[in-house]
Amino acid sequence: MDSVSPARATYFSSARIAVIAMFSTLAGILYIFNFPIAAAFPSFLEFNFSDIPALIGTFTVGPVAGVIITVVKILIKLVVKGTSTVFVGELSDLVTSCVFAVTAGLIYSKKRTFKGALIGMAAGMAAEVAVAIIFNWLALVPFYVQFFFHGQWQPLINMMTPLFPSCTKETFYNFYLWASVLPFNVMRCLAAILVTLPVYKRLSNLINRFNEKLTPKNDEGGARTKAINLGVLISGLAIVALLVLFALLRYFVF
């Protein structure tokens, strides 16, 4: 597998920003269209395919891009749909998605081969699953019980009993963490991996050619290129700031 070489331009060149913006937008759209898989998991665990562009973007332009794509996709969803979890669900998705993409991207950046990609994605999946279990156990579930249900476990247990009739307060974590969170996140990662493997090479080649066209072959026009890159970077940061503002306004005002 090949990738955009960091030596060809500064990291936040106009080409890279364009690639990040493309994958961020696609990830945001996919994140909006999440859906439950009621036959297999509790209804509040909603599946989506937004990890696919985040993973491809990470392999293409580096782990930093994976973080940016993940942040922007969540901001897009917050602007369009808002939050029903006081941002906690989105924070969980932010953490787990970043862990998956960044772990895979860091390993792949050290070993840019098909084997390196496989090792990176396997490690990323293991890291995401572990973080998802720990985050749900120590933070997410306790927050929901206290904030939404005023310390009462029964509403949360009622959401589990359609799939796990014997679920009680004492056995909740056994059913939720090991029979729900673990397989749900494995499936989520596998979906991203199975799509990324066959399409990444073609996309990477296209992006490499795109980057070559926008990268000067010599020092002529270097100052102009730097000015363009700076302008594009400032525009990108302004768009992210506006997304944050609109997400906050949607929650606190509308």
Can you tell me how far the [atom1] atom of [X] sits from the [atom2] atom of [Y], to the nearest 0.5 Å?
{"X": "I107", "Y": "L118", "atom1": "CD1", "atom2": "CG", "result": "11.5 Å"}
{"X": "S24", "Y": "I76", "atom1": "OG", "atom2": "CD1", "result": "6.5 Å"}
{"X": "L30", "Y": "L26", "atom1": "CG", "atom2": "CG", "result": "4.5 Å"}
{"X": "K110", "Y": "I119", "atom1": "NZ", "atom2": "CD1", "result": "14.5 Å"}
{"X": "T83", "Y": "K77", "atom1": "OG1", "atom2": "NZ", "result": "5.0 Å"}
{"X": "C98", "Y": "I68", "atom1": "SG", "atom2": "CD1", "result": "10.0 Å"}

Side-chain heavy-atom pair [X], [Y] within 4.5 angstrom cut-off:
{"X": "T85", "Y": "Y144", "answer": "yes"}
{"X": "W153", "Y": "V141", "answer": "yes"}
{"X": "T96", "Y": "F135", "answer": "no"}
{"X": "F114", "Y": "L197", "answer": "yes"}

Between [X] and [Y] (side chain of the first, backbone of the second, donor and acceptor by atom type, cut-off under 3.5 Å), is there such a pair?
{"X": "K111", "Y": "A117", "result": "no"}
{"X": "T25", "Y": "A21", "result": "yes"}
{"X": "T196", "Y": "I193", "result": "no"}

* To do: Return the orientation label for the F59 and Y108 ring planes: parallel under 30°, perpendicular over 60°, tilted otherwise.
  =>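 Tilted.
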Pairs of donor and acceptor atoms involving the side chains of residues 156-168, under 3.5 Å and at least two apart or interchain, shall be tabulated with distances.
unit_1, atom_1, unit_2, atom_2, d
N158, OD1, Q154, NE2, 2.8
N158, ND2, Q154, O, 3.3
T161, OG1, N158, O, 3.1
T168, OG1, E170, N, 3.4
T168, OG1, E170, OE1, 3.4
T168, OG1, T171, N, 3.3
T168, OG1, T171, OG1, 3.1

Show me the donor-acceptor pairs, under 3.5 Å and distance only, between side chains in residues 31-51 and residues at least two apart or in other chains.
unit_1, atom_1, unit_2, atom_2, d
Y31, OH, D93, OD2, 2.5
N34, OD1, K81, NZ, 3.3
N34, ND2, E46, OE1, 3.2
N48, OD1, S50, N, 3.0
N48, OD1, S50, OG, 2.5
S50, OG, K73, NZ, 2.7
D51, OD1, S97, OG, 3.0
D51, OD2, R188, NE, 2.7

* Dump the intermediate steps for side chain to side chain contact (heavy atoms under 4.5 Å, CB included) on W178 and I133, then the final yes or no. => CA-CA 8 Å; W178 308 115; I133 290 172; 3.5 Å; yes
* Asked: Where do F100 and E128 come nearest, in terms of heavy atoms and distance?
  ->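 So the minimum-distance heavy-atom pair works out to CB-OE1, 3.0 Å.
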* Looking only at heavy atoms, which two atoms of P53 and I69 are closest? And how far apart? ->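 It is O-CD1, 4.1 Å.
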* For T58 and V102, run side chain to side chain contact (heavy atoms under 4.5 Å, CB included): C-alpha distance rounded to whole Å, both residues' side-chain angles, the deciding distance at 0.1 Å, then the answer. => CA-CA 7 Å; T58 300; V102 171; over 6 Å; no
* Run the side chain to side chain contact (heavy atoms under 4.5 Å, CB included) check on L177 and L182 step by step: do they pass? -> CA-CA 6 Å; L177 296 180; L182 189 153; over 6 Å; no
